[in-house]
Amino acid sequence: MKKIFAILLALCLLLSVVPVLAEDFSGLWHVVLAEVDLGSFQLNEDGTVHANLVGTGEVDGEWSAEGETVTISLEGEALDFAWDGTMLFSPELMFPVIREEGRVPNEIISAYFSGEEYELPEGMTKEDVETVGKNFQAEYQRLMAEKAAIDAAASAAAGNTVDIIAENHYVIESYNGYRAVWLAKVINMSQNPVYIRNGGLQVKDAEGNVVGTATYLSNRGSYYLEPGEITFVSMEADIPENIEVTCEHSLEVSPDPYRKDFALTAADSDFTVGEGDYATSWMQTTVTNQSENPATPQVIFCLEDAEGTPWLVEETSLYRHELTPGSSMIMKQNLDDRFVKMLKEKGIEITTIEAYAWCEIED
């Protein structure tokens, strides 16, 4: 027995001096989200990489590994990926990079979402593809909402924020089910201009389960806010049923404007919530171009109750048409019948309309 223990001890000592082999990261890696293949990285042993990614196409670059970190450089931009034993992950990319190919190619999922014909992957039914597509959409929206929250937190940490004056959320019937709506009136209370880049929304049920997400602003006023300026924003997310929900939102605010704008005059704003099945409900405001150049007006409307709670945020624009200097026109927007129906069912009385107009400055 002592001899056996001596052999085991010698084996343990031998293993303790054998160096642990580093992970070999060379080879083919796939970018996969919820079983959908979004492209690949071919990491060659000579330190070169060939990538073929959705939205980018084929591009070459370099890669290196140090410990459990893999750095991939493409077109002068480097991303660090952490290896956790099962996948490579970068917070910048946010999609898992794994050895196995995705179950469904991106081309098929794209055709599925666009309603085009597609060839079924081997061993899969149409129902399988639909399930993968729905799971992919839900996971993509979750990741984008998470990224928006991260960006918003970083923006807030840098001192780039807007203050919410009033906000609201509710569930409303939509054309294909139900939709959660979050909307807010915000103001720039800082001493410098800010730019609202984007937003994210997570809708949760009573148990805290995420039932819907949004990764962009639905309706919004001017993105560019000078100190003291006010705007309205909203986000919407489809949900499976008409339930009580809570909404967790984030707004990404930056000091660097993508595009600036200037205010136009909006006056004599009014609204009518029609009575009866065939009545028309609408909002309107008179926009005047007080500048010295032709301007394309954009307008944001907000309907509020007596407590100042916003219930509708909706934008409209002249698009490619312009107002000549000194001229005015009435900008009008009809209300959706489902919104009017919701107001009556909830017993909400709209008492106030706010409207702001602006024109973006072309670079």
Side-chain angles (χ1 to χ4, degrees), residues 137-138 141-142 144-146 148-149 152 162-187 196 198-221 230-252 269-277 279-283 299-316 333-356:
Q137 184 179 40
Q141 290 180 337
R142 185 191 69 79
M144 291 303 99
E146 181 180 317
V162 290
D163 291 314
I164 295 179
I165 300 174
E167 64 180 311
N168 190 17
H169 74 269
Y170 54 82
V171 173
I172 189 172
E173 186 177 356
S174 67
Y175 65 91
N176 63 347
Y178 294 94
R179 180 169 296 166
V181 178
W182 175 84
L183 59 166
K185 179 180 182 179
V186 302
I187 185 172
I196 303 176
N198 206 350
L201 182 71
Q202 282 197 337
V203 183
K204 298 183 177 181
D205 61 17
E207 287 73 41
N209 302 308
V210 176
V211 294
T213 59
T215 59
Y216 55 87
L217 299 175
S218 301
N219 284 279
R220 50 81 180 172
I230 289 173
T231 192
F232 296 93
V233 294
S234 72
M235 288 181 279
E236 302 177 358
D238 290 330
I239 60 176
E241 55 185 329
N242 187 9
I243 57 175
E244 292 292 328
V245 300
T246 57
C247 290
E248 297 180 0
H249 69 274
S250 60
L251 295 175
E252 181 189 354
S269 303
D270 197 6
F271 71 95
T272 291
V273 177
E275 298 291 338
D277 294 337
T280 301
S281 301
W282 48 266
M283 307 172 287
V299 173
I300 187 73
F301 292 105
C302 180
L303 295 181
E304 305 167 349
D305 61 21
E307 285 72 41
T309 303
W311 285 95
L312 179 70
V313 170
E314 195 159 322
E315 60 181 295
T316 188
Q333 184 77 8
N334 287 345
L335 300 181
D336 190 290
D337 291 339
R338 286 166 293 201
F339 174 73
V340 176
K341 176 184 176 183
M342 184 203 69
L343 290 180
K344 294 177 180 179
E345 289 176 347
K346 292 180 176 290
I348 304 300
E349 182 180 0
I350 300 299
T351 63
T352 306
I353 180 172
E354 290 193 60
Y356 294 93

* Asked: Does any non-hydrogen side-chain atom of Phe232 lie less than 4.5 Å from one of Val186?
  -> no

* To do: Taking the side chain as every heavy atom from C-beta outward, state whether Tyr178 and Asp238 have any pair of such atoms under 4.5 Å apart.
  => no

* Asked: Can you tell if the side chain of Asn334 reaches within under 4.5 Å of the side chain of Thr280, non-hydrogen atoms only?
  -> yes

* Side-chain heavy-atom pair Phe301, Tyr356 within 4.5 angstrom cut-off -> no

* Asked: When rounded to the nearest 0.5 angstrom, what is the spacing between CD in Glu314 and CZ in Phe339?
  -> 9.0 Å

* Structure fact -> Exactly one of Ile165, Leu303, Leu183 clears side chain to side chain contact (heavy atoms under 4.5 Å, CB included) with Pro310, and that residue is Leu183

* Do His249 and Ile164 come close enough that some side-chain heavy atom pair is under 4.5 Å? -> yes

* To do: Work out which heavy atom in Arg220 is nearest to a heavy atom in Leu217; give both atom names and the distance.
  => CB-CD1, 4.3 Å

* To do: Report the C-alpha distance between Trp311 and Ile348 in whole Å, list the side-chain angles of each, state the deciding distance to 0.1 Å, and finish with yes or no for side chain to side chain contact (heavy atoms under 4.5 Å, CB included).
  => CA-CA 9 Å; Trp311 285 95; Ile348 304 300; 3.5 Å; yes

* To do: Considering non-hydrogen atoms only, spot the tightest contact between Ala237 and Thr213 and give its length.
  => CB-O, 3.4 Å

* **Rounded distance [0.5 Å steps], CD1 in Ile300 versus CE in Met283** => 8.5 Å

* From the options Val181, Val203, Val245, select the one residue that forms a side chain to side chain contact (heavy atoms under 4.5 Å, CB included) with His169. => Val245

* Asked: Can any side-chain N or O of Glu354 pair as donor or acceptor with the backbone N or O of Cys302 at less than 3.5 Å?
  -> no

* Asked: If you look at every heavy atom in Asp305 and Thr352, which pair is closest and at what distance?
  -> O-OG1, 4.4 Å

* Kindly indicate, with the supporting measurements, whether the criterion side chain to side chain contact (heavy atoms under 4.5 Å, CB included) is fulfilled by Lys204 and Asn209. => CA-CA 5 Å; Lys204 298 183 177 181; Asn209 302 308; over 6 Å; no

* **Asn242 side, atom CG; Ile172 side, atom CD1 - distance, nearest 0.5 Å** => 10.5 Å

* Backbone N or O of Asn219 within a donor-acceptor pair of the Ser234 side chain at under 3.5 Å? -> yes

* To the nearest 0.5 Å, tell me how far Thr351 OG1 sits from Glu307 CD. => 7.5 Å

* Non-hydrogen side-chain atoms of Phe271 and Ile350 separated by less than 4.5 Å -> yes

* Measuring from Asp336:CG to Met342:CE, what's the distance to the nearest 0.5 Å? -> 10.5 Å

* Asked: Should the pair Arg179-Glu236 be classified as a salt bridge under the 4.0 Å nitrogen-to-oxygen rule?
  -> yes

* Determine whether the side chains of Trp182 and Glu167 contain a donor N or O and an acceptor N or O closer than 3.5 Å. => yes

* **Heavy-atom closest contact (Leu251 atom, Met235 atom, distance)** => CD2-CE, 4.4 Å

* **Side-chain donor or acceptor of Ser281 paired with backbone N/O of Gly274 under 3.5 Å** => yes

* **Check: Asp163 side chain, Ile187 main-chain N or O, donor-acceptor pair, under 3.5 Å** => no

* To do: Give a yes or no on whether Lys344 atom NZ has more than 12 heavy-atom contacts from other residues, nucleotides or ligands under 6.0 Å away.
  => yes

* Gly212 and Ile239: which non-hydrogen atoms are nearest, and at how many Å? -> CA-CG2, 4.3 Å

